[in-house]
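To keep things clear, I will list the structure first and then write my remarks on it.
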Amino acid sequence: MTTYDGPPIVVEGLRKTFGPVVAVDDLTFTVRPGAVTGFLGPNGAGKTTTLRMLLGLTTPTAGRTLVGDRPYAAHPVPARTVGAALEASSFHPGRTGLGHLEVYAGQVGASKTRCRELLDLVGMTEAADRRVQGYSMGMRQRLGLATALLGDPPAVVLDEPANGLDPEGIVWMRHLLRHFAEEGRTVLVSSHVLGEVQSTVDDVVVIARGGRLVHASSLADLAALADADTYVVAPDGAALRRLGEQRGWTVEAEGPGFRVPSVPSAEIGRAAHEAGVELHQLATRGADLEKVFLRLTADQGQQAAPGEHPGVAA
Amino acid sequence: MLAEVRKLLTTRLWWILLLVMAGYVAFLGGVLGFAITTDPGGNADVVLPAGADAATTVYSVVNGAGYVFPLIIGSLMMTTEFRHKTVTESLLVEPRRSVFLGAKLLVAVPVGLVFGLVAVLAVVAAGSPLLAARGDGAFLGDGDVLASLLLAAVVIAVWAVIGVAFGSLVTNQVAAIVIILAFTQFVEPIARTVGGAVDALAPVAQYLPGAAADAVIGASFFSGFGGGSVDLLPRWAGLLVLIGYAVVLAALARVTTLRRDLL
């Protein structure tokens with residue numbers, strides 16, 4: 001396996017305003033190599049704006065971003081350090097997939113053979129000589145990924161890479177990203193749906209609208225913030241409900257059994273044993289990360305002020 | 001540089017425009033060749049150019065009528081990037097925006113030369129048989145005429161560079177094309193006609209881009225008929241004025257449009 005010396009990606013005190021609108025507000029986080037980092041936030045939270053500043057396309061109002069020891073644009077051949085795919089739609093519709101890669105191949109030092117290999121890698125062998133205008137959204141995502149990999153970069157930055165992919169494609173993307181991380185590359189992936197990347201990422205950086213950092217940690221630490229639910233099947237449902245009333249639990253009927261939110265299974269098991277309530281199933285439900293994500297990114301009571309355009313930063 | 005050539009060659013637009021330009025100037029060269037070799041009859045006010053002047057006037061349609069094509073292809077080289085958002089990818093690969101713009105401006109030179117040479121061949125193919133058969137001759141062996149033909153190709157190349165510079169300033173593709181068409185087909189012809197009729201405005205009219213281009217070639221639609229009403233700059237001055245337009249537009253684009261954030 002090829003190994004890469006992925007550069008850390010550093011975002012420091014990053015701020016971007018568009019007129020009165022604050023798109024990114026004093027954002028600081030670090031992306032480590034050898035792991036997949038999910039950059040999460042609702043639509044319009046400033047994810048793309050942040051990535052565009054990271055890639056030198058947009059100038060920050062304040063703060064800075066580094067890839068390794070210097071900003072993106074200061075690398076001699078930036079695309080050989082960071083491969084980026086920002087929008088699934090930025091192709092000339094009249095060009096073929098292969099033609100698109102060949103346009104940029106020379107500047108990053110990729111051969112025509114490598115262009116073909118990359119199209120094979122992203123599962124686009126058949127479509128290589130077809131014009132992009134006939135591509136589906138998923139195919140555009142794949143071509144965008146191939147473009148990002150042209151320079152065989154030790155760092156990969158992908159904006160919403162799962163958009164438009166079918167379930168099979170999402171699984172494929174997940175494996176590829178894991179593989180990149182195992183190779184030692186730095187992988188930063190944005191998404192507005194935590195569930196989409198939950199089984200892919202090692203670390204998470206969560207921002208809320210207005211581009212504020214609300215959470216940055218490993219996925220496990222994020223999961224610890226979630227209250228686990230317990231699922232119980234009891235033949236005498238009425239007895240379980242009585243037990244719940246005594247203990248102050250919420251007992252909700254679900255399927256053949258009951259869901260008891262936010263109560264650890266051990267506590268329920270002990271209580272049921274003491275009360276002599278027969279249980280047939282007692283299971284901890286996976287932490288509902290999506291709930292944590294929604295809670296973290298909620299507008300905290302303040303609705304978008306008039307004149308604010310969340311779409312600007314999308 | 002090579003990337004810019006590939007960007008053009010991997011799309012169909014360039015050869016479609018090239019064919020249309022060749023057809024268009026060939027048609028006008030034929031019509032003008034026919035008109036110039038036809039006796040005006042009783043209408044004595046019309047003074048037709050004769051001899052080598054007749055030949056250069058016919059051949060000058062490459063620039064006089066054809067310059068809209070290199071302007072459009074040049075502007076498209078930049079506006080297409082914005083229309084299809086490929087500018088994002090282009091700037092990821094080459095974040096130095098001056099280099100990005102410079103490569104396009106440079107590549108426009110050979111592209112424009114190809115357009116120019118094809119157009120020259122087309123107008124000669126259509127116009128010279130008429131001049132030879134009905135008029136005073138095609139003058140294809142005449143040094144001045146040949147120089148004017150070659151310079152026409154050079155001028156077309158400069159137009160293509162101006163096109164890139166203009167497209168960099170006005171990145172909205174539709175707007176860029178509309179402005180180019182309006183200027184070349186409407187504003188400038190009127191300005192030059194007015195400049196020819198009003199003495200006080202004549203010196204200003206010389207510096208219009210189309211007039212400067214005509215000066216480089218040494219012949220013009222406008223001076224060919226109606227007794228040479230528009231004074232033209234010397235050849236070298238015409239070329240400098242034309243290149244000046246490219247430089248000013250490119251510099252303006254660099255400090256405005258190309259400095260902005262890409263969203």
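All values reported here derive from a predicted model rather than from experimental measurement.
- Distance alone, capped at 3.5 Å, places no donor-acceptor pair between the Arg6(B) side chain and the Tyr104(A) backbone.
- Taking 4.5 Å as the limit, some side-chain heavy atom of His84(B) sits within range of a side-chain heavy atom of Pro93(A).
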Identify every side-chain donor-acceptor pair in residues 116-126 of chain A under 3.5 Å, counting partners at least two apart or on other chains, and give the distances.
{"residue": "Asp120(A)", "atom": "OD1", "partner": "Thr125(A)", "partner atom": "OG1", "Å": "2.8"}

Please output the side-chain donor-acceptor pairs of residues 14-21 of chain B that fall under 3.5 Å, not counting sequence neighbours, one pair per line with the distance.
{"residue": "Trp14(B)", "atom": "NE1", "partner": "Thr11(B)", "partner atom": "O", "Å": "3.3"}

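- For CZ of Phe183(B), the number of neighbouring non-hydrogen atoms (other residues, nucleotides, ligands) closer than 6.0 Å is greater than 12.
- Here the CD-NZ distance, from Glu102(A) to Lys7(B), works out to 14.5 Å after rounding to the nearest 0.5 Å.
- From Thr86(B), atom OG1 reaches atom CZ of Arg95(A) across 6.0 Å, with rounding to the nearest 0.5 Å.
- Heavy-atom proximity under 4.5 angstrom to chain A picks out nothing from residues 159-178 of chain B.
- Contacts between Arg96(B) and chain A at a heavy-atom distance below 4.5 Å are absent for every atom of the residue.
- A pairwise comparison of heavy atoms in Ala84(A) and Glu89(B) identifies O-OE1, 4.3 Å as the closest pair.
- Contacts between residues 104-116 of chain B and chain A, counted as heavy-atom pairs separated by less than 4.5 Å, involve no residue at all.
- Atom OG of residue Ser90(A) and atom CD of residue Glu81(B) lie 10.5 Å apart, to the nearest 0.5 angstrom.
- Contacts of Arg131(A) with chain B are made by side-chain atoms alone, with heavy-atom separations under 4.5 Å and no backbone atom involved.
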Checklist entry - Does the side-chain contact (heavy atoms from CB on, under 4.5 Å) test come out yes or no for Asp261(B) and Lys16(A), once each step is laid out? => result CA-CA 11 Å; Asp261(B) 288 339; Lys16(A) 181 69 182 179; 2.5 Å; yes

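- Panel note: side chain Tyr72(A), backbone Leu92(B); a donor-acceptor pair is recorded below 3.5 Å.
- Taken to the nearest 0.5 Å, the CG atom of Leu98(A) stands 10.5 Å off from the OG1 atom of Thr10(B).
- Proximity to chain A is absent for every atom of Leu2(B), based on heavy atoms less than 4.5 angstrom apart.
- Note that the CG atom of Leu91(B) and the CG atom of Leu57(A) stand 6.5 Å from one another [nearest 0.5 Å].
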